[in-house]
Amino acid sequence: MNENMSEQSMASFIHGLPKAELHIHIEGSLEPELMFELAKNNGVDIAYRSAAEVRAAYAFTDLQSFLDLYYDGARVLVEQDDFYALAFAYARTASAQNVRHAEVFFDPQTHTDRGVSFETVITGLRRAFEDAHRQFGMTSKLIPCFLRHLSAESALETLEQALPFKDWIVAVGLDSSELGHPPTKFAHVFEEARRHGFETVAHAGEEGPPDYIAQALDLLHVSRIDHGVRCLEDPDLVERLRRERIPLTVCPLSNVKLGVFPTLGDHNLVELLDAGLCVSLNSDDPAYFGGYIEDNFLAAQEALGLSRSQLRLLSRNAFEASFLDEDAKQVLIAELDRYSE
Ligand code: ADE
Ligand code: ZN
């Protein structure tokens, strides 16, 4: 690294920045090459002939057009070792981008509905992240998400399946098709999850209105909002998010790929930061949206002209918003504070 930090290029500053990732769907890190390999191993038919053809198909118009391909791609994940391979590949890439800690979503119902057990999924993921910790030093936590297009009863069954693995799970989340599936639908299951000691998070205000963010806070008692970018449409809500220091896990490349903003230059990240909100940067579904966390930092910096102190703040916010204990957070924040001083 350059001795004179003021001359350090922006790209190398971003690369070396100690990071935490709080919004990554592990199924969304399935690269086409691994998709082909697993399809072959498991005898699963897929609609494409090459990795290039898969990537060419990733032209989305909105969240649903992405979700249709994303759930279809996940059919190749069958054995425990498939989940291991998926998670270990993500951890290797994330670590190489200086991710020190990741809180990783997975969608149990996408697998259990095909006859793959919750145990198969979580055991493969857990083994991979344990190995990644030993090999790369990256820590992680797991967050199963309920699919909001399915029923509250199905979410409750999923919660029950998660209970034997309680010690491996930090929180439960809510994802999938947002419009028409407001948080209120899941108030009871989130209450049950909290009763069992889980933290809670939810996607809200990605495509859905600001009211879904308020519902996630009031009815699901979430500690973080995933996306949340539509909060700016409601100044009172912004003030509440600022006052209560509710973190937003923002995913710039995802937002552009899914048409939430026409271009990265139109993204409201700087307004969110200027409003004093605890915003972090994340990749969401890196294999589908054109990049991992470092690519999100690089693209956002370039499109929005982010300064080094804004980039550093995004990283600090991620450490603060994580579910790490206070001591572990302070170790990482101290590492960040030492970075390039
Ligand atoms: N599942 C995976 N990625 C998602 C996103 N961006 N929004 C909602 N559900 C998702
Ligand atoms: Zn997401």
Ring centroid separation F198 to F190 under 6.0 Å: no
Atom CD of E130 with >12 non-hydrogen neighbours under 6.0 angstrom: yes
Ion pair check, R100 and E21, cut-off under 4.0 Å: no
Path from V99 to V250 over hydrophobic side-chain contacts below 4.5 Å: yes
Check against ring-ring contact (aromatic ring centres under 6.0 Å, His included), H111 and F118: CA-CA 8 Å; H111 313 298; F118 190 102; 9.8 Å; no
Criterion side chain to side chain contact (heavy atoms under 4.5 Å, CB included) on L241 and L248, from CA distance to verdict: CA-CA 9 Å; L241 294 170; L248 305 184; 4.3 Å; yes
Neighbour count above 12 (heavy atom, 6.0 Å) for R243 CZ: yes
Between H227 and H203, ring centroids under 6.0 Å: yes
Parallel, tilted or perpendicular: ring planes of F129 versus Y90, cut at 30 and 60 degrees: perpendicular
Any I14 side-chain heavy atom under 4.5 Å of E294 side chain: yes
Shared hydrophobic cluster, I333 / V279 (ILVMFWY, side-chain heavy atoms < 4.5 Å): yes
Side-chain donor or acceptor of S29 paired with backbone N/O of A287 under 3.5 Å: no
Common cluster, Y212/F186, ILVMFWY with side-chain heavy-atom separation under 4.5 Å: no
Test item: side-chain donor near acceptor, E199 and S223, under 3.5 Å: yes
Within 6.0 Å of CD in E271, more than 12 heavy atoms from elsewhere: yes
Aromatic ring proximity, centroids under 6.0 angstrom, H15 and F297: no
Side chain proximity check, M10 to L311, heavy atoms < 4.5 angstrom: yes
NZ/NE/NH1/NH2 to OD/OE distance under 4.0 Å, E233 and R230: yes
Carboxylate-amine/guanidinium proximity below 4.0 Å for R194 and E191: no
Pair Q64, S177: side-chain N/O donor-acceptor within cut-off below 3.5 Å: yes
Pair T110-E27, side-chain donor/acceptor within less than 3.5 Å: no
Derivation of the salt bridge (Lys or Arg N to Asp or Glu O under 4.0 Å) call for R242 and E239: CA-CA 5 Å; R242 191 196 61 75; E239 177 49 22; 2.8 Å; yes
Salt-bridge present (D218, R240; N to O < 4.0 Å): yes
H101 versus S322, side-chain donor and acceptor atoms under 3.5 Å: no
Close aromatic pair by centroid cut-off 6.0 Å: F105 and H23: yes
L69 side chain reached by F60 side chain, heavy atoms, under 4.5 Å: yes
R195 with E192: basic N within carboxylate O range, under 4.0 Å: yes
Within the 6.0 Å centroid threshold, strictly below: F88 and F136: yes
In one Ile/Leu/Val/Met/Phe/Trp/Tyr side-chain cluster, 4.5 Å: L324, I246: yes
Aromatic centroids of H25 and Y288 separated by under 6.0 Å: no
Steps toward side chain to side chain contact (heavy atoms under 4.5 Å, CB included) verdict (V76, D82): CA-CA 8 Å; V76 304; D82 303 342; over 6 Å; no
Between R92 and Q135: side-chain donor-acceptor atoms closer than 3.5 Å: no
No-hydrogen, no-angle side-chain donor-acceptor test under 3.5 Å, N317 and S280: no
Modelled atom types, side-chain donor and acceptor of N282 and N296, under 3.5 Å: no
Side-chain atoms of residues 156-170: list all donor-acceptor pairs with protein atoms under 3.5 Å, sequence neighbours left out, distances to 0.1 Å.
from: T158; atom 1: OG1; to: S154; atom 2: O; distance (Å): 2.9
from: K166; atom 1: NZ; to: H196; atom 2: O; distance (Å): 3.0

Lys/Arg N to Asp/Glu carboxylate O, D337 vs R316, below 4.0 Å: yes
Shared hydrophobic cluster for I24 and F323 (ILVMFWY, side-chain gaps under 4.5 Å): no
Residue that, paired with F106, satisfies side chain to side chain contact (heavy atoms under 4.5 Å, CB included) out of I26, D175, L86: I26
Centroid separation F66 to Y58 less than 6.0 Å: no
Main-chain N/O of R148 paired with K185 side-chain donor or acceptor, under 3.5 Å: yes
Donor-acceptor pair between Y71 and S176 side chains, under 3.5 angstrom: yes
Atom pair CG (L277) and SG (C231), whose distance is rounded to the nearest 0.5 Å: 5.5 Å
R224 and E103: CA distance, side-chain angles, deciding distance, salt bridge (Lys or Arg N to Asp or Glu O under 4.0 Å) verdict: CA-CA 12 Å; R224 300 197 292 250; E103 300 190 353; 2.8 Å; yes
